[in-house]
Amino acid sequence: MALDKMENVSSKVTVPRGEIVEFEGVPLTKPIYSTLDRLCKFKARPDDLLIATYAKAGTTWTQEIVDMIQQNGDVEKCRRDTTYRRHPFLEWSIPEPPALRYSGLELAEAMPSPRTIKTHLPVQLVPPSFWEQNCKIIYVARNAKDNLVSYYHFHRMNKGLPEPGTWEEFMEKFMTGKVLWGSWHDHVKGWWKAKNKHRILYLFYEDMKENPKKEIQKIMKFLEKDLNQEVLNKILHNTSFEVMKENPMANYTKEFQGVMDHSVSPFMRKGAVGDWKNYFTVAQNEKFDEDYKKKMSDTSLVFRTEL
Ligand code: PPS
């Protein structure tokens, strides 16, 4: 079955919890680790757009906004396939079982230009051709506390990821960078530095929540797209949390049945800023802040944890 035409035949398929292997201090899944060589040789094209994020920072939201802009606000065109297949998830690889097979690399290689590609890679692991080709990159960052909460729930519902352990244990792993794709702190800082040298639009989830129209306009400008107010409002509406939560092409209910259990926690969970307050105890918050201060002392990056 062609990868890009694969029907959703994954229901009832179960997978063992993912195993983690470290590469240069960055925990990766085994299949990602074993394709690193190929990944490094990936041939980016000059008109590729890369959407890069730390996992759970607002990737899917940004992908939908970008696609809506590229399709001039045509909702039907944006529903041509799931997010997972419209935009190759570059490093993601599931060799088996066959019903879940996926190779972001193969999907990207087979895709005609212009391509929009998703990655969670830290900046130092991005295939060099993206820099050589001077590709445009949109990076989205989300404050560490909400990012952590979202990541914790995602591990609970996604059986393809390692066991999260308790909330307390997961928080510890997050703080020490022992989670998939590594340290949040290094990720956001690494990309922040890279934006001084490359064509990177660095966005914040919190800004997108506060004023989505303004952030959509920033993306439009970056993509050199001039769309009228009517189209802009259509994009705003169709990329709202409420609409995307009900959109099967964006809410991950069509993929990974038996792997992602939305009854444990939906992919489109809360979509809010400040939800961390419902999870952090006072003691945990103090510990997190103290550690955060140390790890973020060498950057000008500033995050908002509430609006
Ligand atoms: S992934 O798996 O890494 O691609 O996940 P990602 O898409 O980066 O992040 C998922 C979180 O983003 C929230 N989300 C949104 N928030 C606001 N508005 C819109 N439209 C939107 N779409 C997705 C989603 O709910 C996850 O956050 P939490 O906090 O868990 O709800």
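- Under the 4.0 Å criterion applied to side-chain N and carboxylate O atoms, Glu76 and Arg79 are not assigned as salt-bridge partners.
- Looking only at side-chain heavy atoms (C-beta outward), Met175 and Leu148 stay at 4.5 Å or farther from each other.
- One finds the OG1 atom of Thr62 at 10.0 Å from the CD atom of Glu215 (value rounded to the nearest 0.5 Å).
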Exercise. Carefully, step by step, assess Tyr54 and Arg142 under the rule side chain to side chain contact (heavy atoms under 4.5 Å, CB included).
Key: CA-CA 8 Å; Tyr54 190 80; Arg142 185 179 194 181; over 6 Å; no
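- Under the ring-ring contact (aromatic ring centres under 6.0 Å, His included) criterion, Phe23 pairs with no residue, sequence neighbours left out.
- Taking Phe204 as the reference, Tyr202, Phe303 meet the ring-ring contact (aromatic ring centres under 6.0 Å, His included) condition, with sequence neighbours excluded.
- Between the Ser183 side chain and the Gly177 main chain, no donor and acceptor come within less than 3.5 Å of each other.
- For the residue pair Lys225/Asn72, the side-chain donor-acceptor check at 3.5 Å is satisfied.
- Put simply, CD on Glu290 and CG on Asn285 are 11.5 Å apart, with the number rounded to the nearest 0.5 Å.
- Take Ser297 and apply the side chain to side chain contact (heavy atoms under 4.5 Å, CB included) test, not counting sequence neighbours, and it matches no residue.
- Leu227 and Val243 are members of different hydrophobic clusters when ILVMFWY side chains are connected at heavy-atom separations under 4.5 Å.
- Taking the side chain as every heavy atom from C-beta outward, Leu232 and Met220 approach each other to under 4.5 Å.
- By the criterion of side-chain heavy atoms lying less than 4.5 angstrom apart, applied directly or through intervening Ile, Leu, Val, Met, Phe, Trp or Tyr residues, Phe256 is not grouped with Met249; the two fall into different hydrophobic clusters.
- Checked against a 6.0 Å centroid threshold, the rings of Tyr102 and Phe89 do not count as neighbours.
- Salt-bridge check for Lys178 with Glu172: failed, with every basic side-chain N at 4.0 Å or more from each acidic carboxylate O.
- Side chain of Glu206 to main chain of Asn143: a donor-acceptor pair is present (N/O by atom type, distance under 3.5 Å, no hydrogens or angles).
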Exercise. Take Val66 and Ile69 through the side chain to side chain contact (heavy atoms under 4.5 Å, CB included) test and state the conclusion after the steps.
Key: CA-CA 5 Å; Val66 163; Ile69 293 173; 5.6 Å; no
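- Hydrophobic cluster membership is shared by Phe288 and Trp276, with clusters built from Ile, Leu, Val, Met, Phe, Trp and Tyr side chains linked at under 4.5 angstrom.
- You'll find the side chain of Phe42 reaches within 4.5 Å of the side chain of Ile117, heavy atoms only.
- The salt bridge (charged side-chain N to carboxylate O under 4.0 Å, His left out) check on Lys56 picks up nothing, with sequence neighbours excluded.
- At most 12 non-hydrogen atoms from other residues, nucleotides or ligands lie less than 6.0 angstrom from NZ of Lys221.
- Leu180 and Leu100 end up in the same hydrophobic cluster when Ile, Leu, Val, Met, Phe, Trp and Tyr side chains are linked at under 4.5 Å.
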Quiz item: Val140 and Thr59: side chain to side chain contact (heavy atoms under 4.5 Å, CB included), yes or no, with the steps?
Solution: CA-CA 7 Å; Val140 187; Thr59 330; over 6 Å; no
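- Between Asn134 and Arg199, the closest side-chain pair of non-hydrogen atoms falls below 4.5 Å.
- The stretch residues 234-245 participates, sequence neighbours left out, in no side-chain hydrogen bond (donor to acceptor under 3.5 Å, both in side chains) pair at all.
- Applying the side-chain hydrogen bond (donor to acceptor under 3.5 Å, both in side chains) definition to pairs two or more places apart or across chains, those involving residues 109-128 are Arg38-Glu109, Arg45-Ser113, Asp48-Arg115, Thr53-His120, Gln70-Thr116, Glu91-Thr119.
- In this structure the side chain of Val188 never reaches within 4.5 angstrom of the side chain of Thr299, judged on heavy atoms.
- Lys209 contributes a side-chain N or O that, together with a main-chain N or O of Gly271, makes up a donor-acceptor pair within less than 3.5 Å.
- When the side chains of ILVMFWY residues are joined at heavy-atom separations under 4.5 Å, either directly or via intervening members, Met111 and Phe130 end up in two distinct hydrophobic clusters.
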Practice problem: Assess whether side chain to side chain contact (heavy atoms under 4.5 Å, CB included) is satisfied between Trp184 and Val179, documenting all intermediate values. | Solution: CA-CA 9 Å; Trp184 174 92; Val179 286; over 6 Å; no
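- Take Asp67 and apply the side chain to side chain donor-acceptor pair (under 3.5 Å) test, not counting sequence neighbours, and it matches Gln71, Arg80, Arg86.
- The distance from the SG atom of Cys135 to the CG atom of Asp47 is 8.0 Å, given to the nearest 0.5 Å.
- A heavy-atom distance below 4.5 Å is not found between the side chains of Lys197 and Trp131.
- In this structure, Lys195 forms a cation-pi arrangement with Trp192, its terminal cationic atom sitting closer than 6.0 Å to the ring centre and no more than 45° off the ring axis.
- Of the possible donor and acceptor atoms, none in the side chain of His185 sits under 3.5 Å from a partner among the backbone N and O of Tyr292.
- Partners of Tyr139 by side chain to side chain donor-acceptor pair (under 3.5 Å), not counting sequence neighbours, listed by chain and number: His187.
- Just one of Lys270, Arg269, Met171 meets the side-chain contact (heavy atoms from CB on, under 4.5 Å) condition when paired with Val149; it is Arg269.
- Gln229 has its side chain within reach of Lys213: a pair of non-hydrogen atoms, C-beta onward, lies under 4.5 Å apart.
- With rounding to the nearest 0.5 Å, the separation of CG in Asp275 from CZ in Phe280 is 10.5 Å.
- Evaluation of the ring-ring contact (aromatic ring centres under 6.0 Å, His included) rule for Tyr152 yields Trp167, Phe170 as partners, not counting sequence neighbours.
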Would you give me the side-chain donor-acceptor pairs under 3.5 Å for residues 25-34, sequence neighbours excluded?
residue, atom, partner, partner atom, Å
Thr29, OG1, Ile32, N, 3.2
Ser34, OG, Lys30, O, 3.1
Ser34, OG, Pro31, O, 3.2

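- Under the 4.0 Å criterion applied to side-chain N and carboxylate O atoms, Lys145 and Asp289 are assigned as salt-bridge partners.
- We find the CZ-NZ distance between Arg85 and Lys254 to be 10.5 Å, quoted to the nearest 0.5 Å.
- Residues Met268 and Asn247 fail the side-chain proximity criterion, which asks for heavy atoms closer than 4.5 Å.
- Environment of CG in Asn278: crowded, with over 12 heavy atoms of neighbouring residues, nucleotides or ligands closer than 6.0 Å.
- In this structure a side-chain-to-backbone donor-acceptor pair under 3.5 Å is missing from Ser103 to Trp92.
- Legend: residues meeting salt bridge (charged side-chain N to carboxylate O under 4.0 Å, His left out) with Asp298, ordered by chain and number and at least two apart, are Lys189.
- In this structure, CH2 on Trp61 lies 9.0 Å from CE on Met244, to the nearest 0.5 angstrom.
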Table please: side-chain donor-acceptor pairs of residues 153-162 below 3.5 Å, with sequence neighbours left out.
residue, atom, partner, partner atom, Å
His153, ND1, Arg156, NH1, 2.7
His153, NE2, Tyr279, OH, 3.0
His155, ND1, Tyr151, O, 2.9
Asn158, OD1, Gly160, N, 3.0

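- A side-chain N or O of Thr82 and one of Glu255 form a donor-acceptor pair less than 3.5 Å apart.
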